[in-house]
Amino acid sequence: MKIIDFDARFFEFARKWVAAHPGLTEEQVENSYNSMMEEWINAPADWLEGASPATYFERYTSASELIALMRGYFDKKINLPEPLYARIVERGADCAPLLRSLLADEHQSEELRAEAMGMLRDVGDTDADELLIGMVVGAQEQSELSDLAADVLSGRDAATAKKLLDAYPGAPEHAQTLILDICCNFPGDARICDYLIRRLKNMPEQRALNASLLAKLGDPRALEPLQQMLNLFDLRYLDYIELRDAVEALGGDAGEDRSFYGDPDFEALRNL
């Protein structure tokens with residue numbers, strides 16, 4: 001089972017392609033990238049025993065072999081070839097249990113687990129959702145895994161949102177932010193707006209974020225608290241912008257625009 005650096009092979013092909021087309025500008029070379037890639041990926045290659053890069057991994061039909069190949073690339077810190085990624089996704093039903101095992105294994109690298117999660121998303125697998133919910137609910141700080149888990153769960157349903165909201169009170173602050181961001185995609189539970197309004201009033205360092213989430217949620221109950229915030233004397237300019245935009249998104253009147261002379265962000269934009 002060979003670990004072949006497909007990127008290095010393509011870059012060598014591209015170097016020769018550019019040398020064979022002298023006089024092209026940098027922009028013309030960039031515009032030729034897609035056609036160059038299509039030519040390379042579909043051409044039979046001696047270094048692949050006559051197969052093309054596009055079809056090489058079709059010889060692997062065993063899920064265990066494909067996942068072993070995937071792990072081999074990560075072990076050697078070589079970029080995973082797109083055709084291998086596509087082959088694993090194509091064999092999704094067979095590979096999904098092994099991908100879930102990788103995702104659940106905390107001894108594996110975060111990068112490998114994130115790759116497994118991305119594949120499960122592309123396969124359409126939902127059996128790992130409880131694991132993803134756990135990653136979101138337990139998130140102490142930003143990470144590739146928790147962010148990707150939140151992104152996947154944002155495409156689920158109100159039942160998923162309810163599970164997350166039920167866990168909200170005991171979750172770390174960063175996890176709470178992820179939970180509310182996901183749940184804003186599934187309005188209907190009054191707790192989402194209640195939590196966000198509470199955060200808006202009690203977390204001045206995150207006013208802009210919470211205002212943007214309230215705009216995303218679209219609950220009219222948030223209009224009055226947002227309008228009240230617009231009158232605070234200690235607003236930063238970027239907070240004001242998000243508050244104003246949220247009020248207007250909810251159909252309210254944000255009043256006359258305020259000036260923020262001395263605010264570094266306001267001054268930077270004004271000087272432009």
Side-chain angles (χ1 to χ4, degrees), residues 1-7 9-10 34 37-38 40-45 47-139 143-164 178-179 181-183 185-186:
M1 188 177 294
K2 293 191 288 188
I3 303 300
I4 303 168
D5 191 337
F6 275 52
D7 284 355
R9 293 287 186 169
F10 173 69
N34 288 339
M37 172 61 75
E38 185 176 358
W40 173 79
I41 204 166
N42 291 308
W47 50 277
L48 292 177
E49 303 169 19
S52 69
T55 62
Y56 176 72
F57 293 103
E58 291 178 3
R59 66 186 61 195
Y60 296 101
T61 57
S62 162
S64 59
E65 282 187 313
L66 287 166
I67 301 305
L69 270 170
M70 173 186 172
R71 295 182 64 168
Y73 274 93
F74 276 86
D75 288 344
K76 290 185 177 294
K77 302 187 184 307
I78 296 174
N79 287 339
L80 193 72
E82 183 59 34
L84 175 55
Y85 187 106
R87 180 61 173 162
I88 293 173
V89 171
E90 180 186 25
R91 304 283 299 174
D94 295 329
C95 293
L98 294 174
L99 290 171
R100 288 194 294 269
S101 295
L102 278 182
L103 178 59
D105 187 351
E106 296 182 0
H107 294 98
Q108 301 296 334
S109 69
E110 184 169 296
E111 293 78 12
L112 177 57
R113 296 173 73 198
E115 193 77 75
M117 192 191 304
M119 288 176 173
L120 288 167
R121 174 198 58 203
D122 292 348
V123 165
D125 180 83
T126 58
D127 288 343
D129 280 6
E130 290 301 321
L131 182 58
L132 302 187
I133 289 171
M135 289 178 177
V136 169
V137 169
S143 72
E144 183 180 6
L145 273 179
S146 61
D147 286 354
L148 183 55
D151 183 62
V152 173
L153 293 174
S154 293
R156 292 298 189 252
D157 53 23
T160 300
K162 183 181 184 306
K163 291 179 181 179
L164 290 166
L178 293 177
I179 289 169
D181 191 14
I182 295 166
C183 291
N185 294 296
F186 310 103

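- Side-chain contact between F57 and P81 is present, with heavy atoms from C-beta onward closer than 4.5 Å.
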Next item on the list: Could you check C95 against V123 for side-chain contact (heavy atoms from CB on, under 4.5 Å), going step by step and ending with a plain yes or no?
Entry: CA-CA 9 Å; C95 293; V123 165; over 6 Å; no
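- Looking only at distances, no side-chain donor or acceptor of D105 sits under 3.5 Å from a matching main-chain atom of S101.
- A salt bridge does not link E65 with R59: none of the charged nitrogens is closer than 4.0 Å to a carboxylate oxygen.
- Shown here are the side chain to side chain contact (heavy atoms under 4.5 Å, CB included) partners of A93, two or more places apart in sequence or in another chain: there are none.
- Nearest heavy atom pair, residue L132 against residue A149, reads O-CB, 3.9 Å.
- Side chains of K163 and V137 form no contact here, defined as non-hydrogen atoms less than 4.5 Å apart.
- Not counting sequence neighbours, the partners of S52 by the side chain to side chain contact (heavy atoms under 4.5 Å, CB included) test are A54, T55.
- In this structure, K2 NZ and L69 CG are separated by 11.5 Å, a value rounded to the nearest 0.5 Å.
- Residue L80 comes nearest to M70 through the heavy atom pair CD1-CA, 3.9 Å, listed as atom of the first residue, atom of the second, then distance.
- From L102, atom CG reaches atom NE2 of H107 across 13.5 Å, with rounding to the nearest 0.5 Å.
- Taking the six-membered ring where the residue is Trp, the centroids of W47 and F6 are separated by under 6.0 Å.
- The list of side chain to side chain donor-acceptor pair (under 3.5 Å) pairs with a residue in residues 70-81, not counting sequence neighbours, reads D7-N79.
- Defined by atom type and a distance below 3.5 Å, a donor-acceptor pair is present between the side-chain atoms of D157 and T160.
- The environment of E38 atom CD is sparse: at most 12 non-hydrogen atoms of other residues, nucleotides or ligands sit within 6.0 angstrom.
- Atom-to-atom distance recorded for M117:CE and L148:CG is 4.5 Å, nearest 0.5 angstrom.
- Here the CD-CZ distance, from E58 to R91, works out to 11.0 Å after rounding to the nearest 0.5 Å.
- Taken to the nearest 0.5 Å, the CG atom of D125 stands 5.0 Å off from the CG atom of L120.
- Checked by atom type and distance alone, the side chain of R87 pairs as donor or acceptor with a backbone atom of Y60 at under 3.5 Å.
- Atom OG of residue S146 and atom CD of residue E110 lie 7.5 Å apart, to the nearest 0.5 angstrom.
- Salt-bridge formation is detected for the pair R156/D129: a Lys NZ or Arg NE/NH1/NH2 atom is positioned less than 4.0 Å from an Asp or Glu carboxylate oxygen.
- With contacts defined as side-chain heavy-atom distances shorter than 4.5 Å, the pair D181/S154 does not qualify.
- Closest heavy-atom contact between A116 and L99: CB-O, 3.7 Å.
- Using a 4.0 Å cut-off between charged side-chain N and carboxylate O, R113 and E106 make no salt bridge.
- When every heavy atom of A63 is checked against every heavy atom of D94, the shortest pair comes out as CB-O, 3.5 Å.
- At a threshold of 4.5 Å between non-hydrogen side-chain atoms, the residues L178 and D147 count as touching.
- Minimum heavy-atom separation, E115 to Y85: OE2-CE1, 3.0 Å.
- Scanning both residues, V136 and A150, for their nearest heavy atoms gives CG2-N, 3.7 Å.
- Side chain of N185 to main chain of I182: a donor-acceptor pair is present (N/O by atom type, distance under 3.5 Å, no hydrogens or angles).
- Between the side chain of Q108 and the backbone N or O of L103, no donor-acceptor pair lies under 3.5 Å.
- A donor-acceptor contact shorter than 3.5 Å is absent between the side chain of S143 and the backbone of A139.
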